[in-house]
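All values below come from the heavy atoms of this structure, side chains included, with hydrogens, waters and symmetry mates left out. Throughout, protein chains are lettered first and strands after them, A, B, ... in sequence-line order, and every chain is numbered starting at 1.
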Protein chains: 2
Amino acid sequence: MALNSRPNLRQIATELGLSVTTVSRALKDGPEVHPDTIRRVKAAADAAGYVPNLHGRALRTGLTRTLTAILPMETRDYLSDIAKLPLIEGMTLAAREGGYSLSVYSTTPEEDPQENLARLIQIGGADGIVITRMVSDDPRIPYLLERGIPFIAFGRTSTAFDYAFVDVDNEGIAFDATRMLLDRGCRRIALQLLTREDQYSAARLVGYTKAMNTAGQPIDPQMIGHEDFTMEASEGWISRLLDMPDPPTGLVCANELGLLGALGATRRKRLVVGRDFHIVVRDNTHMCRYLSVPLIAHVVDMVGIGRSLVQGLIRQIEEPNAPRMQRVVEGKVQQIAKI
Amino acid sequence: MALNSRPNLRQIATELGLSVTTVSRALKDGPEVHPDTIRRVKAAADAAGYVPNLHGRALRTGLTRTLTAILPMETRDYLSDIAKLPLIEGMTLAAREGGYSLSVYSTTPEEDPQENLARLIQIGGADGIVITRMVSDDPRIPYLLERGIPFIAFGRTSTAFDYAFVDVDNEGIAFDATRMLLDRGCRRIALQLLTREDQYSAARLVGYTKAMNTAGQPIDPQMIGHEDFTMEASEGWISRLLDMPDPPTGLVCANELGLLGALGATRRKRLVVGRDFHIVVRDNTHMCRYLSVPLIAHVVDMVGIGRSLVQGLIRQIEEPNAPRMQRVVEGKVQQIAKI
DNA sequence: TTTGAAAATCGTAACGTTACGATTGCGAGA
DNA sequence: TCTCGCAATCGTAACGTTACGATTTTCAAA
């Protein structure tokens, strides 16, 4: 119905007695078109409700003005994914500002990321791609570079390739977090790392180590947990640490499961969080505040990161020779007031 | 590079000494093509890594095999959005199963939903649309119906239009929730409703009223809060209720902010949740379990709803004359064990 | 008035696909 | 041998856009 009667360039052209070419050029302010003509064309296009057909344009130019963000969903625990929502928001905003539309392609962690990528590109669905959840020595980077496909990564990898990325300053955050605990008088500090996030873990370990060194505190490997913690595993791990003869009095969590494990373990030991035991947790935008314990949180501006990612990607698409965005975003570590 | 040398139908056709037409038909198992030819063509296409070009096809057929879900993001409180993640997961899975790809279009609540819709469709970006966060008498429904655009809604509205939807049985859930509280001995039960979710609120109020009636309990309008609660507002509201001469001993929350407000208010009153005061909360998949209070939660299978939405939409696209999906999904109300 | 160059506009082809009608090849029946 | 019918394949056009070269118009200078 109304769908079929969608105006195209030819209709506007015949209506105005112009050629399709001129109309096309007028609509993008082509310098070869007379200013008056441009005005006439634009008025007619507006009146007719003309919107350029994505597929006609894409077929001709090879460009779709669409970006795709590939977001693996953490199906076993959606709460871990909550940081993706502000990320999506930031990406959407920046895409719209740049005249692109953003499509979110959610995958399960089990799928082969390589294969998804290949399909996505071949099908001609996007001008550029945002990839996330980088692993060290990520195979997607050489894959995309080889093919000359514009992309930007959320997270660095240990490879030497020159590619665009935005990353969180995990080392700095871990340093600040550890320092904060040291300043509160903690000497023995536990550090929770996830094997599934090895490249982040490495950075965090560096920050932690530096902070401990500046305070002259030795690093005890027993204080460093490095596995894919469930909540139960976190609780077990911290309980064991608290049973040691010289237990920790502070913890730097990797995620909210670590926090909840710590809350369980300290409750059983009748330790008061904020007095006997201090916890630094990743900010989950809201959840931390819901718990009635004083916590220290590190906050990262995820909306800003989303924006940066898309801005960097658009720049790379539109100016392929410009230097690639390589941005490290700092976080803030701060006390959260209890409710 | 490799992007440009992407194989197309013509390349495969010349390679095999066939016409483009025959290759095209062979690839979709056209009955007019000789079985041997089909085999040959498919082998060659596989070998060449052929993937049909989305835009060429879309331009010719008007179909993109892409679905778009429009998800307003709750920028002031991402935690409210967490239910969207399993929804996205379910939609993605069902889309992939049906041979479609799903694009998530996130909007801010302030934007004009109508305008977004129009652009989205005109641009030719999708074969069908999932709309969410319905308001009563939602203008998008006649808009889409008029234009013959396939869509499905997450949520019913009060209109008499015949359109596809999947909805949660809010009335049933509210009934079960209220009954559960009555069974625990609550007589005065507070009900939290959100003005921003009027169409859900109405259903909940009906369920609540029915349950109270079956127990012979009068409905006290003072027990029904109806505004867009922040956490602070929730806490204030419940505190005031608890200050009344005949305070409530149970609460049916609209969202987790209500829960947190109730936790704050009861703590100040030194009431023990689970003994002096009972709370029914929407399941947030994980968060409820993190709180060390016994709660009652109603759970809804969001992944399943996502699947249903997309399945219903695909059916409508592919069989326009089939009856439209109109599905009401029941929830379960259950006690959550404390950690 | 003529000329030349610049300004404005036009026509055609192509992107990759599919729909549709035309064409070829082949075997069976007359 | 001829013809009919069917199976298999082909050629052309079209979807809406843009790039590119060709063409027309305009206007100032000679």
Side-chain angles (χ1 to χ4, degrees), chain A residues 3-42 44-45 48-66 99 119 121-127 318, chain B residues 3-42 44-45 48-66 99 119 121-125 127:
Chain A
L3 202 62
N4 305 340
S5 69
R6 188 146 103 68
N8 58 20
L9 283 184
R10 199 179 44 211
Q11 286 175 32
I12 294 174
T14 51
E15 181 190 325
L16 292 176
L18 287 170
S19 75
V20 178
T21 307
T22 305
V23 173
S24 171
R25 285 215 257 245
L27 287 174
K28 45 177 78 65
D29 286 314
E32 313 121 303
V33 184
H34 193 284
D36 289 346
T37 311
I38 293 185
R39 267 190 290 278
R40 268 204 310 148
V41 169
K42 284 193 173 170
Y50 170 78
V51 180
N53 180 295
L54 182 70
H55 304 295
R57 174 180 287 171
L59 191 55
R60 180 65 240 251
T61 60
L63 294 176
T64 64
R65 295 201 80 81
T66 295
R119 252 190 71 80
I121 296 150
Q122 294 233 319
I123 219 168
D127 296 343
E318 300 186 346
Chain B
L3 201 62
N4 306 339
S5 69
R6 189 146 103 66
N8 57 21
L9 284 183
R10 199 178 45 211
Q11 286 175 32
I12 295 175
T14 51
E15 182 190 325
L16 292 176
L18 287 170
S19 75
V20 179
T21 307
T22 305
V23 174
S24 171
R25 286 214 255 245
L27 286 175
K28 45 178 76 66
D29 287 313
E32 312 122 303
V33 184
H34 194 284
D36 289 347
T37 310
I38 292 185
R39 268 190 291 277
R40 270 205 309 148
V41 168
K42 284 193 172 170
Y50 170 78
V51 181
N53 179 295
L54 182 70
H55 304 296
R57 174 180 289 171
L59 191 55
R60 182 63 240 250
T61 61
L63 294 176
T64 63
R65 294 200 81 79
T66 295
R119 253 190 70 81
I121 295 150
Q122 294 233 321
I123 220 168
D127 296 343

K.L.:
Would you say the side chain of R57(A) lies within less than 4.5 Å of the side chain of N53(A), judging by non-hydrogen atoms?
P.N.:
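The answer is no, as the side chains (C-beta and beyond) never meet within the 4.5 Å cut-off.
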
K.L.:
Over how many whole Å does the gap from H55(B) atom NE2 to dT17(C) atom P extend?
P.N.:
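These atoms are roughly 12 Å apart.
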
K.L.:
Which nucleotide sits closest to the side chain of T22(A): dT9(C), dT17(D), dT9(D)?
P.N.:
dT9(C)

K.L.:
Within the 4.5 Å heavy-atom criterion, are R10(A) and V23(A) side-chain neighbours or not?
P.N.:
no

K.L.:
Starting at the 5' end of DNA chain D, which residue's closest nucleotide do you reach first, N8(A) or G17(B)?
P.N.:
G17(B)

K.L.:
In whole Å, I'd like the distance from the NE2 atom of H34(B) to the P atom of dC26(C).
P.N.:
12 Å

K.L.:
Separation of L54(A) atom CG from dT17(D) atom P, in whole Å?
P.N.:
11 Å

K.L.:
State, to 0.1 Å, how close K42(B) and A26(B) come at their nearest heavy-atom pair, and which atoms those are.
P.N.:
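Of all heavy-atom pairs spanning K42(B) and A26(B), the closest is CE-O, 4.0 Å.
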
K.L.:
Scan nucleotides 18-28 of chain D nucleotide by nucleotide, 5' to 3', and note B when protein non-hydrogen atoms come under 4.0 Å of the base, S if they reach only the sugar-phosphate, - if neither.
P.N.:
BBBB-------

K.L.:
So do V20(B) and N8(B) actually touch side chain to side chain, heavy atoms under 4.5 Å?
P.N.:
no

K.L.:
Given atom CD of Q11(B) and atom C1' of dT17(C), what is their separation to the nearest angstrom?
P.N.:
14 Å

K.L.:
What closest approach, in Å, do R6(B) and Q11(B) show between heavy atoms, and which atom pair accounts for it?
P.N.:
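Heavy atoms only, the tightest pair is O-NE2, 3.9 Å.
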
K.L.:
Is there a side-chain polar atom (N or O) of N53(B) under 4.0 Å from OP1 or OP2 of dG16(C)?
P.N.:
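For dG16(C), neither OP1 nor OP2 has a side-chain N or O of N53(B) closer than 4.0 Å.
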
K.L.:
Roughly, in whole Å, what's the span from CG in D36(B) to C1' in dT9(D)?
P.N.:
14 Å

K.L.:
Take atom CG of L16(B) and atom P of dC10(D), then tell me their distance rounded to the nearest Å.
P.N.:
10 Å

K.L.:
Does dA8(C) have OP1 or OP2 sitting under 4.0 Å from an N or O in the side chain of T37(A)?
P.N.:
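Indeed not, no polar side-chain atom of T37(A) lies that close.
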
K.L.:
Taking all atoms of both residues into account, what is the closest heavy-atom pair of G99(B) and R65(B), and its distance?
P.N.:
O-NE, 3.1 Å

